[in-house]
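Whatever order the structure lists ligands and atoms in, that order sets their numbers, starting from 1. Computed from a predicted structure; not experimentally measured.
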Amino acid sequence: MRKLFLLLLLSIAARSLQAEDGYELWLRYHRITGKALLQDYRDAISGIYIPVSTPVSTAAREELQKALPALLDKAVPLQQQAQAGSVIAATPAQWPAINSLVPAASLQQAGAEGFCIYTTTGADKKIIITGNTDAGVLYGVFHFLRLLQTQQPIQQLSIVSAPKVRYRLLNHWDNLTRTVERGYAGMSIWDWHRLPGYIDRRYKDYARANASIGINGTVLNNVNANATILSKPYLEKVAALAGVFRPYGIRVYLSARFSAPIEIGGLKTADPLDPQVQQWWKEKVKEIYHYIPDFGGFLVKANSEGQPGPQNYGRSHADGANMLADALAPYKGIVMWRAFVYDSKGDEDRFKQAYDEFKPLDGRFHDNVVVQVKNGPIDFQPREPFHPLFGAMPHTPLMLELQLTQEYLGFATHLVYLSPLFKEVLEADTHAKGPGSTVAKVIDGSLEGHAISGMAGVSNIGSDRNWTGHLFGQANWYALGRLAWDHTLTSAQVADEWLRQTFTNDARFVTPVQQMMLASRETLVNYMTPLGLHHIMGYGHHYGPAPWYDKAPRADWNPVYFHRADSTGIGFDRTASGSNALAQYAPAVRKQWENMRTCPEAYLLWFHHVPWQYRLPSGRTLWEELCYKYQAGVQGVQQMADTWQQVSPYIDEERAEQVRMLLAIQLEEAAWWRDACLAYFRTFAKLPLPQGVPAPAHTLEYYRELRFPYAPH
Ligand code: BDP
């Protein structure tokens with residue numbers, strides 16, 4: 001008896017200490033903690049009724065069968081027919097009774113991918129999760145599980161939800177060698193060598209995670225593409241992945257190398273107007289659809305950073321995109337043609353080049369082409385003004401490209417919640433058709449009535465056990481999906497949901513950590529690139545500060561090109577007296593930003609060369625403000641570390657410790673950023689550090705001599 005008791009005690013202790021490594025992401029399905037709520041849920045849910053079995057409905061059933069017994073800590077059987085307490089997941093076609101229980105207008109509103117969740121009234125209450133398609137039902141199931149995991153009442157559910165954009169994608173920059181360009185979370189999760197025979201369990205968990213946040217497509221390979229992915233053996237591997245993803249409503253797409261007809265087709269040219277080239281792509285596309293009948297289409301980086309493209313043959317981006325689009329059109333595939341281009345010649349402000357090349361092509365792209373535009377004009381900086389192409393190409397659908405992997409934001413070492421960055425660009429007003437013409441309305445198609453709309457995030461996923469290297473990187477993956485589904489959600493809501501599911505519903509944890517997440521992006525901007533500084537990171541790998549760097553082969557790869565500090569001041573004059581990039585924006589935007597007095601402080605050095613002693617609205621000089629911002633950034637990280645220390649007792653030790661160690665590194669690196677940047681900029685400003693800003697820990701020489709030959713990139 002005593003032995004038994006001891007064993008019991010031991011197993012309880014083991015359970016509470018059970019390590020959590022982050023693998024389960026936000027789909028942990030731990031037992032509901034509040035007693036009363038658990039009872040409510042148990043009373044409301046007696047079983048699962050799913051009348052048919054299709055691949056997608058099977059995925060929905062499996063998820064409910066995994067989640068409900070675990071959340072409720074009781075058996076939740078599959079039922080042969082609906083009864084009181086059933087959770088029913090079906091389309092009206094699969095279970096016609098839905099037609100009398102769910103308003104037709106709601107179903108109409110749900111559209112092709114949306115869902116309705118209703119609690120019926122009366123004595124034999126049921127919960128109905130429905131949609132017009134299996135995929136809609138699956139999204140509804142995941143939403144229902146989100147409600148339970150975040151401990152929401154389910155007595156009177158009446159929810160209708162439909163995605164605001166149609167293409168909600170991850171872009172993997174994964175190479176066939178399994179390295180990941182700008183990846184900081186291990187190797188690629190695609191085990192190309194062992195595919196198609198070996199199906200890693202991760203593929204399914206990846207699909208589940210994506211479906212749970214509404215992501216419906218994935219581009220498997222790097223935009224700096226290798227043509228081999230289009231060869232038969234690799235298409236068989238891609239088909240195997242597509243087979244795992246299909247039941248989760250996820251399509252695969254591939255990055256296509258424009259010169260593939262030469263490299264794997266044996267042709268002498270890749271000229272898009274050459275009939276042989278056109279024929280080659282038609283046959284290649286036919287072959288792809290043979291293996292992957294629901295293939296999504298191509299993503300293309302052309303004539304940018306050394307990649308081949310139509311301009312090699314004197315043709316335009318539209319010629320190139322349309323050729324591929326015509327090959328895909330019979331199968332309803334799309335081309336996502338990237339606008340991230342800048343010339344290897346000439347000295348035009350890099351800011352202006354994408355607009356200069358693409359704006360004249362507006363209206364010349366075929367119907368199944370969408371131009372994919374990064375959030376800002378340069379390159380995924382901690383803060384950028386919105387890209388001037390948004391609102392400038394009314395006749396072309398534009399999709400928004402965001403970066404989840406933190407190439408310029410401290411890699412997977414720094415805690416930075418990116419939803420505020422995403423929202424900042426989505427809510428930016430282009431004024432294209434008067435006030436209220438937000439980027440969100442451009443990319444969801446509503447401003448111009450485009451059928452194609454989309455949002456893509458450059459993935460931060462790798463083979464690390466916790467997927468994203470930093471546990472909080474998971475929040476950025478989560479936010480991308482949730483905002484692509486509904487860009488009107490607030491960053492606070494998304495953080496709240498993610499925290500409750502990923503860690504705990506305990507308010508003593510959720511409230512302070514949510515605040516910490518919301519402040520983290522501004523904190524990072526402060527210690528890296530305050531007041532509109534940009535691209536002053538280490539050359540090549542982009543690790544750490546290197547504002548002094550001036551040895552890159554191209555002028556616009558050098559930090560000195562971007563900050564332009566000299567004895568008179570700092571910043572890039574992009575007004576009419578400088579590069580005049582501001583002329584690319586609508587007059588209302590330009591007017592506000594071209595005047596140093598009215599330009600938001602956050603963008604000041606993006607557009608103006610500002611004298612060191614210039615007085616800001618705060619009453620401080622520019623130099624003082626710069627110093628204070630760097631200092632505030634370091635203090636912000638200190639606060640994050642303090643908060644984390646305080647809330648750690650409310651979660652498992654393993655994850656608490658991981659984050660604690662990373663925050664300690666982040667604090668050191670924030671101080672490094674502050675010290676190195678101020679030591680360098682001081683050589684121009686020649687002014688003392690204001691009170692409260694400590695002297696740099698080392699000499700400028702010390703910082704300049706630091707080398708990181710093996711920093712990931
Ligand atoms: C930059 C990256 C580079 C990518 C490029 C792109 O440094 O590795 O290939 O963007 O988006 O941010 O094509």
Side-chain angles (χ1 to χ4, degrees), residues 169-177 179-185 188 219-226 229 253-259 298-309 311 317 320-321 335-344 350-351 353-354 357-358 370-384 387 389 398-412 416 418 421 425 454-462 476 480 528-529 534-544 546 549 552-554 556-559 561-562 708 711-713:
L169 265 54
L170 284 182
N171 288 182
H172 287 264
W173 285 359
D174 295 18
N175 298 314
L176 300 183
T177 56
T179 55
V180 180
E181 181 152 344
R182 311 306 180 179
Y184 314 102
S188 168
V219 184
L220 299 176
N221 60 318
N222 192 352
V223 287
N224 297 319
N226 183 330
I229 192 103
Y253 299 74
L254 293 174
S255 292
R257 185 161 165 90
F258 200 77
S259 53
F298 292 135
L299 172 65
V300 187
K301 172 176 178 177
N303 294 119
S304 173
E305 299 185 327
Q307 294 300 311
Q311 293 175 345
H317 285 291
V335 172
M336 295 168 285
W337 194 268
R338 293 176 88 230
F340 178 71
V341 298
Y342 57 99
D343 210 311
S344 54
R350 180 168 150 190
F351 187 117
Q353 296 185 31
E357 282 196 43
F358 277 83
V370 51
V371 173
Q372 180 166 308
V373 184
K374 287 188 183 180
N375 58 288
I378 297 294
D379 196 8
F380 297 139
Q381 295 304 298
R383 169 167 281 127
E384 298 203 28
H387 200 298
L389 274 175
L398 300 185
M399 108 183 235
L400 172 63
E401 178 176 323
L402 299 163
Q403 196 182 47
L404 312 181
T405 193
Q406 293 165 221
E407 175 182 354
Y408 296 95
L409 290 89
F411 300 177
V416 51
L418 296 178
L421 186 163
V425 60
M455 238 166 104
V458 178
S459 155
N460 56 354
I461 297 165
N476 297 332
L480 185 270
M528 281 191 182
T529 52
H534 48 284
H535 219 307
I536 56 173
M537 297 74 189
Y539 171 63
H541 48 61
H542 301 150
Y543 173 59
Y549 197 83
R554 292 175 53 109
D556 56 9
W557 284 350
N558 283 307
Y561 171 91
F562 292 102
F708 307 97
H713 64 290

**OP:** Quick one: look up the protein heavy atom nearest atom 3 (C) of ligand 1 and list residue, atom name and how far away it is.
**Re:** Glu181 OE2, 3.4 Å

Original post:
Excluding sequence neighbours, so at least two apart, what forms salt bridge (charged side-chain N to carboxylate O under 4.0 Å, His left out) with Arg383?
Top reply: Glu424, Glu522

Subject >> Contact (N/O only, under 3.5 Å) between Arg338 and ligand 1 >> reply: yes

Original post:
Is it the side chain, the backbone, both or neither of Gln403 that has a heavy atom closer than 4.0 Å to ligand 1?
Top reply: neither

**OP:** Return yes or no for this condition: an N or O of Asp379 is under 3.5 Å from an N or O of ligand 1.
**Re:** yes

Subject >> Geometric class of the Trp337/Phe258 ring pair [parallel <30°, tilted 30-60°, perpendicular >60°] >> reply: perpendicular

Original post:
What heavy-atom pair brings Asp379 and Glu407 nearest, and what distance separates the two atoms?
Top reply: OD2-OE2, 4.5 Å

**OP:** Consider only side-chain N and O atoms of Asn303 and Glu357, and report whether a donor and an acceptor are under 3.5 Å apart.
**Re:** no

**OP:** Could you pull out, from His541, Glu407, Glu305, the option with a heavy atom nearest to atom 2 (C) of ligand 1?
**Re:** Glu407

Original post:
Are Gln353 and Val341 side-chain neighbours, meaning at least one heavy-atom pair lies under 4.5 Å?
Top reply: no

Subject >> Where ligand 1 meets Trp173 - atom numbers and elements under 4.0 angstrom, heavy-atom basis >> reply: 4 (C), 6 (C), 10 (O), 11 (O)

Original post:
Which residue and non-hydrogen atom of the protein lie closest to atom 13 (O) of ligand 1, and at what distance in Å?
Top reply: Lys301 NZ, 2.6 Å

Subject >> N/O donor-acceptor pair under 3.5 Å between Gln307 side chain and Ser304 backbone >> reply: no

**OP:** Answer yes or no for His713: is there a heavy-atom contact with ligand 1 below 4.0 Å?
**Re:** no

Original post:
So is Lys374 in contact with ligand 1, going by heavy-atom distances below 4.0 Å?
Top reply: yes

Original post:
Just distances here: any N/O of Asn224 and N/O of ligand 1 closer than 3.5 Å?
Top reply: yes

**OP:** Could you tell me whether the side chain of Phe340 reaches within less than 4.5 Å of the side chain of Glu305, counting heavy atoms only?
**Re:** yes

Subject >> Between Glu181 and Asn175, a side-chain donor and acceptor under 3.5 Å >> reply: no

Original post:
Hey, which atoms in ligand 1 end up nearer than 4.0 Å to a heavy atom of Phe340?
Top reply: 5 (C), 6 (C), 10 (O), 11 (O), 13 (O)

